[in-house]
Trainee: 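There's a structure below that I have some questions on.
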There are 2 protein chains.
Amino acid sequence: MRLSTKGRYAVTAMLDLALNGKNGPVTLAEISENQGISLSYLEQLFAALRNKELVRGVRGPGGGYYLGKSADEISIANIICAVDEWVEFTRCGGRQNCSGGARCLTHTLWDDLSSEIFNFLANISLGDLVRRNLNKKEDEESSLSVVADADSQAA
Amino acid sequence: MRLSTKGRYAVTAMLDLALNGKNGPVTLAEISENQGISLSYLEQLFAALRNKELVRGVRGPGGGYYLGKSADEISIANIICAVDEWVEFTRCGGRQNCSGGARCLTHTLWDDLSSEIFNFLANISLGDLVRRNLNKKEDEESSLSVVADADSQAA
DNA sequence: CCATTCCCTAGTAAATCACTTGGTAATTAG
DNA sequence: CTAATTACCAAGTGATTTACTAGGGAATGG
């Protein structure tokens with residue numbers, strides 16, 4: 001299980017693409033400018049995203065990137081897995097010698113948690129994120145209680 | 001937002017402590033043995049956990065570590081924050097010059113997602129994890145469908 | 001006293017991060 | 001056709017992080 005800043009860059013870039021790619025492709029130069037990410041680093045991230053067919057590149061003037069499928073079909077887990085090589089840890093059914101000991105139980109607990117986190121992220125799509133934010137702007141228009149709660153707990 | 005293998009080590013160690021610390025303190029040597037983590041690395045992790053009062057050390061022979069509070073009062077987010085320095089990213093209300101542009105919207109979306117992930121992890125306690133697993137063993141005793149699903153999606 | 005345990009500092013090889021440099025390949029506008 | 005534009009590709013780099021080793025204390029129990 002891995003969720004680094006690299007994943008954040010990828011999600012951020014994909015969000016930018018989902019937001020600005022409604023009519024015509026978006027160039028990496030634009031995303032680089034918008035999000036403050038170096039062009040060449042974006043190229044590396046997009047190479048990984050392209051391998052997983054989450055984006056589609058078009059070369060030449062007027063070219064750029066499209067989403068590889070609809071924003072609703074791309075989950076946050078998909079994006080993070082593409083660039084961050086999600087490692088599902090030590091289901092130690094064989095490899096390790098932890099036959100029923102405390103080690104194996106702990107590993108099982110961790111694996112369950114890891115799966116839960118994955119499923120959580122797999123159930124949020126790019127489209128969800130965009131829509132949720134627009135709805136929130138309409139509905140609330142004032143407070144940001146969720147974020148405030150998280151901050152206070154984190155501190 | 002950060003969720004590295006270091007956090008995994010910390011959660012694993014805390015799980016071990018929750019499982020084995022029912023009667024008397026648990027030594028880092030035991031956890032090191034159980035979980036296959038180097039003793040000195042554990043010491044560093046537990047220094048961070050101690051700072052956040054998630055564990056309590058007792059020196060001398062027969063000593064070891066206790067949980068700093070009950071397993072139900074310790075969330076996974078607490079543990080990860082302790083060792084991984086959870087960085088809440090770029091709520092760019094001031095620092096950056098993204099006045100209403102695509103950058104700021106994307107950052108807002110990311111911040112919302114980040115908060116959601118945090119809240120998700122904040123709502124799972126060590127106690128939950130242990131109980132959930134014990135219940136599952138009683139209830140199902142056969143299939144591990146959740147984990148299987150996650151694996152197939154990850155691949 | 002002395003063994004045990006926590007506690008602390010420093011250093012390190014390997015990996016990862018975010019980036020730079022310097023290209024090549026395809027496509028379009030003129 | 002040419003030149004500009006864009007995606008694509010590879011190699012390398014300083015900074016940071018990871019997981020660990022080494023080498024010590026400081027407190028406590030027998």
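Treat the numbers as computed from the prediction; the structure is a model and nothing was measured. Throughout, a chain's letter reflects where its sequence line sits, starting with A, and its residues are numbered from 1. Heavy-atom basis, side chains included; hydrogens, waters and symmetry copies ignored.
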Trainee: Take the protein atom CG of Leu45(A) and the nucleotide atom C1' of dC8(D), then report the distance between them rounded to whole Å.
Mentor: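 Taking CG of Leu45(A) and C1' of dC8(D), I get 14 Å after rounding.
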Trainee: Indicate whether OP1 or OP2 belonging to dT17(D) is found under 4.0 Å from a side-chain N or O atom of Ser4(B).
Mentor: no
Trainee: Within this structure, what is the CZ-to-P distance between Arg59(B) and dG30(D), rounded to whole angstrom?
Mentor: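 About 17 Å, once rounded to whole Å.
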Trainee: How is Phe46(A) classified with respect to the nucleic acid when contacts are heavy atoms under 4.0 Å: base, sugar-phosphate, or nothing?
Mentor: nothing
Trainee: Heavy atoms only, 4.0 Å cut-off, all strands: where does Ser40(B) land among base, sugar-phosphate and nothing?
Mentor: base
Trainee: Between Tyr41(B) (OH) and dT12(C) (P), how many Å, whole number?
Mentor: 19 Å
Trainee: Taking Leu28(B)'s backbone N and O only, do any of them form a donor-acceptor pair with Ser32(B)'s side chain (distance below 3.5 Å, no angle check)?
Mentor: no
Trainee: For Val26(A) and for Gly62(B), find the nucleotide of DNA chain D with the closest heavy atom, then tell me which residue's nucleotide is more 5'.
Mentor: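 That would be Val26(A).
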Trainee: Of Ser38(B) and Gly64(A), whose closest DNA chain D nucleotide lies nearer the 5' terminus?
Mentor: Gly64(A)
Trainee: Can you tell whether the side chains of Asp72(B) and Arg131(B) come within less than 4.0 Å, N to carboxylate O?
Mentor: yes
Trainee: State whether Thr27(B) places a side-chain N or O below 4.0 Å from either non-bridging phosphate oxygen (OP1 or OP2) of dC6(C).
Mentor: no
Trainee: Nearest to the side chain of Ile37(A) - dT6(D), dC19(C), dA19(D)?
Mentor: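 Within the option list, the nearest is dC19(C).
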Trainee: CG of Asp84(B) versus C1' of dA19(D): gap in Å, rounded?
Mentor: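 Going from CG in Asp84(B) over to C1' in dA19(D) covers 13 Å.
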Trainee: Which of these nucleotides, dT4(C), dC7(C), dT5(D), is closest to any side-chain atom of Pro61(B)?
Mentor: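 The nucleotide sitting nearest to the side chain is dT4(C).
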Trainee: Using whole Å, report how far NZ of Lys6(A) lies from P of dC17(C).
Mentor: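 Answer to the nearest Å: 5 Å.
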Trainee: Does either side chain, that of Thr106(A) or that of Gln35(B), offer a donor lying less than 3.5 Å from an acceptor on the other one?
Mentor: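 The criterion, which ignores hydrogens and geometry beyond distance, is satisfied for Gln35(B) and Thr106(A).
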Trainee: Write down the distance between CD (Gln44(A)) and C1' (dA18(C)), rounded to a whole number of angstrom.
Mentor: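 Roughly 8 Å, once rounded to whole Å.
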Trainee: Assign Leu28(B) to base, sugar-phosphate, or nothing according to its heavy-atom contacts below 4.0 angstrom with the strands shown.
Mentor: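 Sugar-phosphate contact only - Leu28(B) comes under 4.0 Å of backbone atoms but never of a base.
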Trainee: So does Glu43(A) have more than 12 non-hydrogen atoms from other groups sitting under 6.0 Å from CD?
Mentor: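 Yes, enclosed.
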Trainee: Could you check whether any side-chain heavy atom of Val83(A) comes within less than 4.5 Å of a side-chain heavy atom of Lys52(A), counting everything from C-beta outward?
Mentor: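 The answer is no, as the side chains (C-beta and beyond) never meet within the 4.5 Å cut-off.
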Trainee: Check the distance between dT21(D)'s C1' and Glu43(B)'s CD and give it to me in whole angstrom.
Mentor: 11 Å
Trainee: Between P on dT27(C) and OH on Tyr65(A), what's the gap in Å once rounded to a whole number?
Mentor: 14 Å
Trainee: Ignoring backbone atoms, test whether Arg50(A) places a side-chain nitrogen or oxygen under 4.0 Å from the OP1 or OP2 oxygen of dC9(D).
Mentor: yes
